[in-house]
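Since the structure comes first, as C-alpha cells, the remarks are kept for the end.
Order of the sequence lines sets the chain letters (A, B, ...), proteins ahead of strands, with each chain counted from 1. All values reported here derive from a predicted model rather than from experimental measurement.
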Amino acid sequence: MTFQRCSVLRIVVKALSLFVALNITFALVNVPANSGVAALGRISLYNVLWPGRARLPYGDDPARAYNLSLFDLNAMFASHELAGVPKRADEFRVLLIGDSATWGWLLHNEDTLAGQLNAMRLKTADGRIVRAYNLGYPIMSLTKDLLVLSRAVAYQPDLVVWLVTLESFPADKQLVHPIVQHNAEAVRALIAEHHLRSRPDDPALLAPTFLQRTLVGQRRALADWLRLQTYGALWAATRIDQHIPETYEPAQRDLDADRSFKGLLPPTLPKDALAFDVLDAGIRMAADAGAPMLIVNEPILISRGKNSDVRYNFFYPRWAYNRYRELMGKHLHPATVLGDVYYFDAWNLVPQEEFTNSAVHLTPKGSRILADELATCIRLIGR
Amino acid sequence: MITTERPSTVTVGRFTIAQSQMRNAALFVLSVLAVYVLQPAMPIRQMDFWLPTASLALAVIVWAATSPALAAGRRLDRAVLADAAIIGGIVLGVAALRFVEPLNGLITRTPPPSLLSAAIALTIVALLAVGAGRLIGPRPAWTMLPVVALIVLLVVLKYEPLTQAFAAALRATQGQAAAQASAFDVRWLGFSYIFFRLVSALRERAAGRLPAMSLHEFVTYVVFAPALIAGPIDRPDRFLKDLRAPFTFNGPDTGEGLRRIATGTFKKFVVADVIALVALNEVNAAQVQGAGWAWLLVYAYALRIYFDFGGYTDIAVGVARIFGVRLPENFNRPYLKPNLTQFWNSWHMSLAQWFRAYYFNPLTRALRTRAWTMSAIIFVGQVTTMLLIGLWHGITWNFAIWGLWHGLGLFVHNRWADFAKTRLTIPPERPRLQQAVSAGGVLITFHFVTLGWVWFALPDVALSLEVLGKLFGL
C-alpha cells in the first residue's frame, strides 16, 4: 500500500472514529434530565442580533410565516421578547397563557390580546405600566399551559392571565399533543410535583433511545434550532410571524345535531373527566411565584345557525358546555375566596360575527372586546 | 519529500487496462441509469421514463450525426452494436421493472410504460440515428440542423407559454386533461447542460475538431452522472482525454475527490440551505421593511447562490475525480474579483467559456470583417452574449434584464479599462494606493453583481424595481 493510499484510509478511519465518538459523547450527555439540545436552546440570536418574537414560535408554513414549530421549550422562550426584556421597576408584568386564541391565530401581533392590551398603555393605581406578554400556544391542553407556565414564572410576573376553554380540559387528552410528549421529562416532573392524575409512565410521554439521543438522532431538533435562529432575520426584516391568508374557511355556524362530547352523552360530564387538578397546579405555581392568577373562560362562538339549539358551536354541545361552566364556577369559587385567584367567565362576551375560522378564534374587533374587559380586570387586580 | 504515485505510471500489466475498461463501463452504465434515477416524478404519467429516454435518444442521434464511421458509410462495428444493445437493454430493463413488484419505483418514481412502447421508441430512435448518420454525417455544415432543433427545444422548455403548450400536448398523449397543463409539468432534468454538450459536439464536428468517439464514450460525455444536473460543462476532447487515460483507483485522486465532496456537501447542504432561509425570494421581497433588512436579504441571496452552485460543482468535480475524470472548475473566488470581467472569468466559468467559444468569438470574428468600430463590436458581442446567458436561465423579462445588466456592465468596464490603461496607472512605489483601488474594485464589483441578483432572484420586473427602491430607501 502506498503512503497516499494509507494516508487517505487513515483520514477516513479517523473521521469515522471522531464521528462515532462525538455521537456517543453527545448521547451520553444528552440524557433527558440534562438534555444537550435543550442546553443549546438557551443560546439564541433573538434579543441579541434579532428582536425577540412577540409570541412563542409556531408555524405550519415556515417559508411564508418565517416561523416554525419545534419542541424545545428553552429555544422557544429564548426567542421570545420576554427573555430579552429586563423587568423595569415601573412595570406591571402580565403573562398571558392559553391556546391558539391567546396566541392569536389569524391575527397580526398588534391585534392579539397582548397586543391590544399593550396598545391601551394601561397603568395600575400605583403608576406601574402594564406590559402584557403573549405566551399562548396553539394547542388545547391545560398540561401544555402548565408546562409553559412552569417556564414563565421565572420571569417575575405580577399577574398571570390563563385563558381556558372546555376543549383544553378532558383529562384523557392531556398528553396527546406532540409538544407535551416531546417534553416528557418536564411533564413527568410536573406530574410528580403537583400530584397530577396523568401517569408519569404513560406511553405517550416519549423516552428517547440511546440512538435517538445521538447527534444523528437529534438532527431534526438541531436543525429546528438552527432554522429558528435563521428565521429571526426575516422576522426582524418583516415583523411577520404568521402567514394570514386572504381568505379562510369560516367557523361552522350550521351544525350537526350531535349531542356527544368526547364520547360522553348528556347529562353525564363528571368532574373527574376534566383536568381540574392541572388547573389547581397552575394556580399554586403562580401563587408560589407571588403572582395573582386571573382565569378567563375564553369567549366561544355561540351559533344561531342550524341545530344551534343542540350545540353552541363545532366544539361544544350545549349540555356539556353548560355543565363545564357550572363546574368551573363551583371549583373556582373557593379559590377566589383566597384572594389570589380571580375568575372571569367571558364565554358569551363576543358576538358570533367576530369569530374567524374556529369557535374560539377572534377577529381584531373580537379581540378588542375581550381586551377591554380584561383591562378592567387588570386595573382592579393591580390596585 | 514524499512523491505522489501517478496511476498512469503504475505498470501492472493488463490489470491497469482492465481497471480503465471497468471504470469506463461503470461510468457508462451508471450515467445512463442516473438519467432515470435523478429525474423527479411529474404530474404527467410516465414522463419520468420518457424524458430521460429522450435525453439518451438525443445523445445517440447526435453521436450518429457526428460519427465519422457512419459518415463514411461504413457498417456499424461490433463495439457500436454492443454499446447500442447496452443502452437499449437498460431502457427496456427500466421499463421491465414495472413487472417486478419489489423493484417497481427503484429506478423511476412512477411505473414505466409497457415494454412494447419502449421497444417501439427504441426502434424509432435507431432509425433516426441511422438517418442522421447517413444524412448529416457526410455533410458537416448540416450539423446546424440538429443545433437549430436543439435550440427550438430549449426555447420550448425555457419559455413558459410554450412549456405549458408542450405539457398540454404531452398530457394529451397520456390521456390526461390538457386544461390542467402547467409549465411545472415538464421538468426535464439536466437538459440545459445536455444541450450544451450536444451543441459542443455538433459545432466541433462542423469545425472538424471533434475526435472520433465511440458510442459509449459519447453517451457518457453527454449524460455524465456527476455533472448531469448542474454542470460543469466539459469539452468533448478534454473529457475524452481523461476517459482514455490509463486509470487505477489511487490515493491522491480519491483523497482529493473525497475532500471536494465533503466541501461541496457542506457548502450546499449546510451553508447554502441555511442561508436560503433568509435569502431574497418572491415572498419576503414583498414583505421586507426597511433598507437595511432588504440589503441583508440581497446579500444572503448572493451568498446562497454562490454556495449552492459552488457546492454542487465541488461534489461533481469530487465524484468525477475519484473516477479519474478532471471536470473543469466552475468558480474561482468570484466575489473577490476587482472588476466585472474578472468576475465572469471566475463565475460559472465553464458556461462563460462555452459562450465565448461558440458564440462570442465567432460573432466578433464575423463583425471584424465589416466596417464596425471596436467599441460597437465589443458592445454587440458582450451585450448579446450576456443576454443569451440570461435567457438560457429562462425566457423572462427578468432574466433578459439580468443579462443586459451584466452585458452593459462588461462593456462599460471594457471601455473604462481601455481608457484607464494609458492614463490612470498607479506607480509601483504606491502599493497602498494599489491595494485601496483593488479593494474598491472588489466592493463595487460585488455590489454590481449583487444588485443584478435582484433581477435574477425575482419573477417580475415590478417586484424587482420595488426591491431596488427599498434598497435605496425610495
Side-chain angles (χ1 to χ4, degrees), chain A residues 1-16 18-19 45-46 49-51 54 57 59-70 79 108-110 215-216 219-220 222-246, chain B residues 1-7 9-10 12 248-263 265-266 269-301 303-304 307 318 321-322 467 470-471:
Chain A
M1 187 178 280
T2 65
F3 175 85
Q4 288 76 18
R5 191 171 295 182
C6 179
S7 176
V8 169
L9 192 65
R10 203 163 54 222
I11 290 168
V12 170
V13 169
K14 271 186 187 172
L16 282 175
L18 195 62
F19 180 75
L45 294 177
Y46 291 89
L49 204 54
W50 326 126
D60 299 326
D61 187 359
R64 287 179 177 276
Y66 314 132
N67 206 346
L68 76 160
S69 305
L70 67 168
S79 72
H108 295 293
N109 276 302
E110 61 271 22
L215 274 170
V216 172
R219 62 191 182 280
R220 170 69 193 270
L222 291 164
D224 281 349
W225 172 81
L226 186 61
R227 287 197 301 152
L228 179 66
Q229 307 311 316
T230 313
Y231 278 126
L234 285 162
W235 148 252
T238 62
R239 294 302 168 136
I240 289 171
D241 63 355
Q242 183 186 189
H243 172 59
I244 300 178
E246 286 178 12
Chain B
M1 186 177 168
I2 297 155
T3 54
T4 53
E5 180 198 24
R6 296 300 308 154
T9 62
V10 175
V12 280
T248 52
F249 280 105
N250 64 86
D253 278 347
T254 306
E256 177 59 14
L258 291 175
R259 189 189 69 78
R260 290 296 293 265
I261 293 169
T263 309
T265 305
F266 184 75
F269 297 104
V270 179
V271 182
D273 284 2
V274 169
I275 296 176
L277 299 179
V278 294
L280 185 70
N281 61 36
E282 186 181 2
V283 175
N284 59 35
Q287 301 184 140
V288 65
Q289 299 172 4
W293 292 115
W295 278 106
L296 178 84
L297 301 188
V298 176
Y299 286 142
Y301 186 85
L303 294 177
R304 178 252 165 137
F307 283 111
R321 182 74 176 265
I322 292 171
V467 169
K470 279 180 186 172
L471 289 171

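Here the straight-line distance linking atom CZ of A/Arg227 with atom CG of B/Asp273 works out to 11.0 Å at 0.5 Å rounding. In this structure, CG in A/Leu234 is found 7.5 Å from CG in B/Leu296, a value given to the nearest 0.5 Å.
For chain B, the nearby part of A/Ala63 is the backbone; its heavy atoms alone come within less than 4.5 Å. Heavy-atom distances place the side chain of A/Trp50, and not its backbone, under 4.5 Å from chain B. For chain A, no part of B/Ile275 is nearby; none of its heavy atoms comes within less than 4.5 Å.
Ranking B/Thr254, B/Leu277, B/Val288 against chain A, the residue ahead of the rest is B/Leu277, based on heavy-atom pairs under 4.5 Å.
The environment of A/His108 atom NE2 is sparse: at most 12 non-hydrogen atoms of other residues, nucleotides or ligands sit within 6.0 angstrom.
B/Gln289 approaches A/Thr238 most closely through the heavy-atom pair NE2-O, 3.1 Å. Closest of all the heavy-atom pairs between B/Val274 and A/Leu226 is CG2-CD2, 3.5 Å.
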